[in-house]
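None of the values given here were measured: they were computed from a predicted structure. First listed ligand is number 1; within each ligand, the first listed atom is number 1.
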Amino acid sequence: MSKPKLIVLTGAGISAESGLKTFRGNDGLWENYKIEDVASIDGWHKNPELVLEFYERRRQQAMQAKPNEAHLYLVDLEKDYEVQIITQNVDDLHERAGSSQVLHLHGSLMHYKSTNSSYRGIIQQPLKLGQLCPNGHQLRPDIVWFGEDVPLYPEALDLVRDCDVLLIIGTSLQVYPAAGLAYQAPSHSKTILVDPYADEIPLESQNTTYIIRKKATLAWKELKDLLV
Ligand code: OAD
């Protein structure tokens, strides 16, 4: 018999206990930076050097961070479920924990792409202005910025629409289209939300939704009970 399909939609909260900052809330990244300066296509056009510095600092932080118990638990679930992670995170902690299927909706800190073609690669040294693809276009972080399309969204949507369980961990569900995935699971499925501040999340009431108001690393006992 095939395993049930478990989709895990993750956000910055799952990496918080690995020491990486979330975006919103007290001391979140957006408290100290303006989103439009460092995470929008307009910001890139205005001051690309600032944007490159911002993402290089975050790349360094992500490389120093280690996967936590929550990342590892998701790997363990592969024994009983066909697990597909859809993450908004740009760190690589799911991969380093050992998860086998990870879709990065908002791109990756570890990769670059050309500003004008499909040329892509792994960042080995900090990206600099003047570093060009073979066709002569500036390289930039392979991150989806505000004001840009989310190219993997249709694939993510198909996956969610075909799941048996949707597990949502550590996302405020404020950024669309990613947040819209929370409402796309089929009616036979179960949705479970893990977030210590779940009351602030605009999750429309669905009678199949279970909420665990705990930090991701502390939620596993309840989660195990809900998953049986
Ligand atoms: P947010 O910072 O908006 O939300 C983080 C969520 O994690 C909040 O709901 C917190 O309550 C929760 N949280 C905090 N600590 C937690 C823990 N230990 N365990 C579980 N949950 C915890 O981050 P995202 O929803 O991921 O996009 O943000 C979505 C997008 O907004 C990001 O991908 C990024 C950002 O702008 C781009 O830059 C394109």
Side-chain angles (χ1 to χ4, degrees), residues 8-44 50-52 54-59 61-62 65-74 85-94 97 102-111 113 140-153 156 166-183 192-203 209-223:
V8 193
L9 175 63
T10 64
I14 196 168
S15 296
E17 291 166 87
S18 292
L20 299 178
K21 283 189 174 193
T22 61
F23 294 95
R24 297 169 183 83
N26 287 341
D27 200 34
L29 266 178
W30 298 152
E31 288 267 287
N32 302 311
Y33 293 91
K34 283 191 181 156
I35 299 185
E36 58 271 27
D37 287 347
V38 294
S40 78
I41 187 66
D42 290 345
W44 167 254
L50 175 78
V51 176
L52 289 178
F54 174 76
Y55 284 100
E56 176 54 21
R57 226 171 300 129
R58 297 197 50 216
R59 186 176 76 97
Q61 288 161 357
K66 291 194 175 68
N68 64 45
E69 292 293 316
H71 296 101
L72 295 170
Y73 186 81
L74 297 180
I85 293 174
I86 299 175
T87 188
Q88 296 165 82
N89 297 344
V90 292
D91 64 55
D92 60 354
L93 294 179
H94 285 302
V102 186
L103 181 153
H104 281 271
L105 262 188
H106 291 164
S108 156
L109 280 173
M110 308 301 161
H111 294 81
K113 68 176 183 182
R140 55 165 271 187
D142 192 358
I143 302 279
V144 176
W145 287 322
F146 289 96
E148 296 189 302
D149 285 341
V150 182
L152 294 180
Y153 181 74
L166 174 62
L167 171 58
I168 304 172
I169 306 177
T171 169
S172 61
L173 294 179
Q174 288 195 32
V175 174
Y176 280 78
L181 294 171
Y183 313 108
I192 305 170
L193 174 73
V194 176
D195 196 301
Y197 306 106
D199 292 337
E200 290 168 29
I201 296 176
L203 191 66
T209 300
Y210 300 83
I211 298 181
I212 303 173
R213 291 177 177 79
K214 288 197 167 172
K215 289 185 174 181
T217 59
L218 302 177
W220 304 117
K221 197 182 158 304
E222 284 91 331
L223 196 50

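- Counting only heavy atoms of the protein, atom 31 (O) of ligand 1 lies nearest to Arg24 NH1, 3.1 Å.
- Remark: ligand 1 atoms within the under-4.0 Å shell around heavy atoms of Trp30 are 35 (C), 36 (O).
- For atom 16 (C) of ligand 1, the nearest protein heavy atom (residue, atom name, distance) is Gly13 O, 3.5 Å.
- Contact analysis puts Asp195 in contact with ligand 1, with a non-hydrogen atom separation below 4.0 angstrom.
- Within ligand 1, counting atoms from 1 as listed, the ones closer than 4.0 Å to a heavy atom of Tyr197 are 11 (O).
- Using a 4.0 Å cut-off to heavy atoms of Val144, the atoms of ligand 1 that qualify are 39 (C).
- Nearest to atom 5 (C) of ligand 1 by heavy-atom distance, out of Gly107, Gly170, Gly11, Ala178, is Gly170.
- Counting heavy atoms of neighbouring residues, nucleotides and ligands inside a 6.0 Å radius, atom NZ of Lys113 exceeds 12 of them.
- Side-chain contact between Asn32 and Asp27: present, with at least one pair of heavy atoms (C-beta onward) separated by less than 4.5 Å.
- Under the 4.0 Å criterion applied to side-chain N and carboxylate O atoms, Glu222 and Lys214 are assigned as salt-bridge partners.
- Salt bridge present: Glu148 and Arg140 bring a charged side-chain N and a carboxylate O closer than 4.0 Å.
- Checked against a 3.5 angstrom limit, the closest N/O atoms of Val175 and ligand 1 fall outside it.
- The distance criterion of under 3.5 Å between nitrogen or oxygen atoms is not met by Val194 with respect to ligand 1.
- At a 4.0 Å cut-off, not a single heavy atom of Gly28 sits close enough to ligand 1 to count as contact.
- Annotation: side chain of His71 is in contact with side chain of Ile14 (closest heavy-atom distance under 4.5 Å).
- Checked by distance only, ligand 1 and Ile169 stay at 3.5 Å or farther apart across all their nitrogen or oxygen atoms.
- Within the 4.5 Å cutoff, no side-chain heavy atoms of Phe146 are placed close to those of Asp42.
- In this structure, atom 19 (N) of ligand 1 lies nearest to the protein heavy atom Ala216 N, 2.9 Å.
- Counting heavy atoms from C-beta outward, Asn68 and Tyr73 have side chains that stay 4.5 Å or more apart.
- Ranking the protein heavy atoms by distance from atom 25 (O) of ligand 1 puts Thr171 OG1, 2.7 Å first.
- Counting heavy atoms of neighbouring residues, nucleotides and ligands inside a 6.0 Å radius, atom CD of Glu69 does not exceed 12 of them.
- Nearest non-hydrogen protein atom to atom 32 (C) of ligand 1 is Phe23 CE1, 3.4 Å.
- In terms of protein heavy-atom proximity, atom 26 (O) of ligand 1 is closest to Ala12 N, 2.8 Å.
- Donor-acceptor pairing under 3.5 Å is recorded for the side chains of Ser15 and Asp91.
- The shortest contact between atom 15 (N) of ligand 1 and any protein heavy atom is with Ala16 CB, 3.9 Å.
- At least one N/O-N/O distance between Ser172 and ligand 1 falls below 3.5 Å.
- Between Trp220 and Leu72, every side-chain heavy-atom pair lies at or beyond the 4.5 Å cut-off.
- At a 4.0 Å heavy-atom cut-off, ligand 1 touches His106 through the side chain alone.
- The closest side-chain heavy-atom distance from Leu109 to Gln61 is not below 4.5 Å.
- Listed by number with element, the atoms of ligand 1 under 4.0 angstrom from any heavy atom of Gln88 are 29 (C), 33 (O).
- Counting heavy atoms from C-beta outward, Leu105 and Leu181 have side chains that approach closer than 4.5 Å.
- Counting heavy atoms under 4.0 Å from ligand 1, residue Glu17 touches it through the side chain alone.
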